[in-house]
Amino acid sequence: MEQRKIVVTSALPYANGDIHIGHLVEYLQTDFWVRFQRMRGAKVCYVCADDTHGTPIMIRARKEGRAPEALIAEMRERHVRDFSAFQMSFDNYYSTNTPENRAFCEDIYAKLENAGALRHENVAQLWCPDCAMFLPDRFVKGTCPNCGAAEQYGDNCERCGTTYSPADLKDAHCATCGSRALETRETEHILFDLAKYRDYLKQWLPVHTQTDVANKLCEWFGEDQKLLPWDISRDAPYFGFEIPGKPGKYFYVWLDAPVGYLASLENWCSKHGEKFDEWWGDPEAERYHFIGKDIVRFHCLFWPSMLHAAGYEGPTRVFVHGFLTVNGEKMSKSRGTFISAQTYLKHLDPAALRYYYACKINNTTDDIDLNLDDFAQRVNSDLVGKITNLASRGAQMLGKRLDGRIGDLDEEGAALVKAALSRSDAIAALYEERKFSQVPVEVCRIANAANEYFDRHAPWKTIKTDPEATRPVLSAVLAAFRAMAIYLAPILPAYAEKAAKLFGESAWTWGSLGESVAGRTIGAYEYLAERIDPAAVEAMVEDSKPTEPPPSADSQKNAAAAAPANAAACPAVKPAIAFPAFDAVDLRVAKVERCTAVEKSKKLVRFELDCGPLGHRTIFSGIRSAYPDPSVLDGRQVVFVANLSPREMKGVGVSEGMVLTAGDPATGLAVLSPIAPVRPGDPAC
RNA sequence: UGCGGGGUAGAGCAACCCGGUAGCUCGUCAGGCUCAUAACCUGGAAGUUGGAUGUUCAAAUCAUCCCCCCGCAACCA
């Protein structure tokens, strides 16, 4: 068989944040697969890059008072640092803000235009005069036209779920500067006519993705015109590539991001005397994208149809994986489970995470859970206690008493080693199919057999009576260990390298399994893996918790400072009412028993209130942005509307009233509280 | 609300497509060993496979309904 030629990619991390353990689920599994393919002798080019364009980058750079190029350069450095610490083996790590990427974008754009795949339409969009820019939906906030929830994003309401366009929002304002003087302006947009490729996608999907992904995406092929044209242009100011012949128009970041795979590959080719067309243009070569299920539609709808329309080869397969949960829940900053690569590295060995992820990751789109207790246990028992300890026992005994020379095997030992080697094809198949979680299972099975064998022959006894008779036993255990270390090499490259050194070898390939080590003298034993101290895990979690004081205090200060400048944004006084209308509102004081974040919601907190004689009440309030850690309100007294009709909050429960707050959510908001404690249930007026 | 995925011993998973005594790892309990990173070996306890109907000689496995969990739902990277 001819040597396989494989291009592999991981999704491009956005240059707006550091790498965290959630990202690593993807990068590490790609690395496992890539390293496996290299060991099998395939010619692999594993490319990735920073995703550098778009509005969030532009705005952040502006806020930090520097050029976006400076921001993305710094982020790239940080990403590269984190990746190399986790032993990622990219062949090329590039950037989307490069000449190669611009050239590919322009080429594809021209070919799409030629193919009649593009439409030019006028689109009405909100414009912020203060920022002098068009506002993407997520950069507009306002009151939901359906349910009246305040501070909703411009695309849909998180409280009632209604979707709408930003122009439908009441009280629409710019999420960046708070300006309410938004205008609607018409502007030309360029759209990719996705519906034209409906038939192509329909047959493409089942062959190139997992079945559950294909099923999910079939939703988009319903009768109700779901394949709307995809808007690929953005107006200036925008950080990205200007569209040729369209001054002031830029390629949308999601257009140029996947093109970045091609750019990175091209860059690698030019540095290594390779030809791009022999990798991406060759139908015999293979191309695989590893992605998370959040970006499926970009990689399985837009990307393949775009490549097809432009006459490029498409990916061979898109491998979709699930998300990471920690201790069964979404990663959370306040719980300390939003762990950055840097924080992890401060406390723990990257190999431990590589091993544990391997134990969990398979080829489905299910989420995987990093259970921190299980993590420490698993690494300590399996990797250290069961597997590594074999080398430690065997190598030290052989080194101390038998000159470290590996000898011939006895019959039972030969059977043990043969059984270990016989799993080679099965384990290779597991890697190939990305069923990584089964690899440690297989290896542990071998380790169990080796431990039993070791125990049965009690070499620690025979070494005292008949050392030479012990040699075959230790040799068999070490040979079995060597096979295990080779099997684990794609997952634990640093470990495998040290283990290979023990046997006087350098880099192992899959073919190394067939080589005999009889007659070799092993090197000095050094620790291959450290046990995880549960205290280190705890310290890492503590270290990940936010340390700054509750932002509510900050935002109050900011609000005060911003007040004069924002005077125009202050809402007008409502029409006058008579006293009875005011008196109809029954305001009471309550003591907060507990205030907690509502898990399913980004905005809601749940107040458990002690209302004195009025009893206990539960009230939901959309103030999470001002109180990311709502527990700071525990024990405080608050004022609430006691006679507001209870309201069913979708999916979270019934809210029995409304807690009063003051301030503008955009600039700072605080819960109202009596200046001195009063009795819960007392009226306020 | 729609769609996709899932619910199997204390924890994490396998078996489900192609029905046939429910399996693995960790933990737990009892015993052993002492070479090794307090590790390893032997044995035990623990599951009416989310619930209910149905098909069948036989259902974790097939069908229907219900409950619960997670995710996605289009210009937000």
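Chain identifiers are assigned alphabetically (A, B, ...) following the order of the sequence lines, protein sequences preceding nucleic acid strands; residue numbering begins at 1 within each chain.
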Applying ring pair (Phe, Tyr, Trp, His ring centres under 6.0 Å) to A/Tyr355 and not counting sequence neighbours gives none
Regarding A/Thr388, tell me which of base, sugar-phosphate or nothing describes its non-hydrogen contacts under 4.0 Å with the strands shown.
base
Scan A/Ile295 against the nucleic acid and name what it touches under 4.0 Å (heavy atoms): base, sugar-phosphate only, or nothing.
nothing
Determine, for A/Tyr487 and A/Arg423, whether the Lys NZ or Arg CZ falls below 6.0 Å from the six-membered ring centre while staying within 45 degrees of the axis.
no
What nucleic acid atoms does A/Asn451 come within less than 4.0 Å of, heavy atoms only: base, sugar-phosphate, or nothing?
sugar-phosphate
Assign A/Gly385 to base, sugar-phosphate, or nothing according to its heavy-atom contacts below 4.0 angstrom with the strands shown.
sugar-phosphate
Counting only side-chain nitrogens and oxygens, does A/Asn362 get under 4.0 Å of the OP1 or OP2 atom of B/A14?
yes
Out of B/A11, B/U25, B/C76, minimum distance to the side chain of A/Asn448 belongs to B/U25
Strictly below 4.0 Å: does A/Lys464 bring a side-chain N or O up to OP1 or OP2 of B/C35?
yes
Need one value for A/Asp373: base, sugar-phosphate or nothing, where a base atom within 4.0 Å counts as base even if backbone is also close, heavy atoms only.
nothing
Contacts of A/Tyr27 meeting ring pair (Phe, Tyr, Trp, His ring centres under 6.0 Å) (sequence neighbours excluded), chain-then-number -> A/Phe83
Taking salt bridge (charged side-chain N to carboxylate O under 4.0 Å, His left out) as the definition, give me every residue that meets it alongside A/Lys435, ordered by chain and number, with sequence neighbours left out.
A/Glu433
Hey, do the aromatic rings of A/Phe241 and A/Phe251 have their centres closer than 6.0 Å?
no
Ring-base stacking, A/Phe454 with B/C40 (5.5 Å, 30° cut-offs):
no
Among the candidates B/G27, B/G12, B/U34, find the nucleotide nearest to the side-chain atoms of A/Lys360.
B/G12
Report the nucleotide, chosen from B/C33, B/C26, B/A73, that has the shortest atom-to-atom distance to any side-chain atom of A/Asp382.
B/C26
Annotated structure of RNA chain B as dot-bracket, pair cut-off 3.5 Å, Watson-Crick or G-U only, | for inter-strand, is (((((((..((((......[..)))).(((((.......))))).....(((((..]....))))))))))))....
Checking all strands, does A/Val384 fall into the base, sugar-phosphate, or nothing category for heavy-atom contacts under 4.0 angstrom?
base
Please enumerate all residues that pass side chain to side chain contact (heavy atoms under 4.5 Å, CB included) together with A/Asp294, with sequence neighbours excluded.
A/Phe323
Regarding A/Ala529, tell me which of base, sugar-phosphate or nothing describes its non-hydrogen contacts under 4.0 Å with the strands shown.
base
Using a heavy-atom cut-off of 4.0 Å across all strands, would you classify A/Lys435 as base, sugar-phosphate, or nothing?
nothing
Strand contacts (RNA chain B) in residues 394-407 of chain A, 4.0 angstrom heavy-atom criterion
A/Gln396, A/Met397, A/Lys400
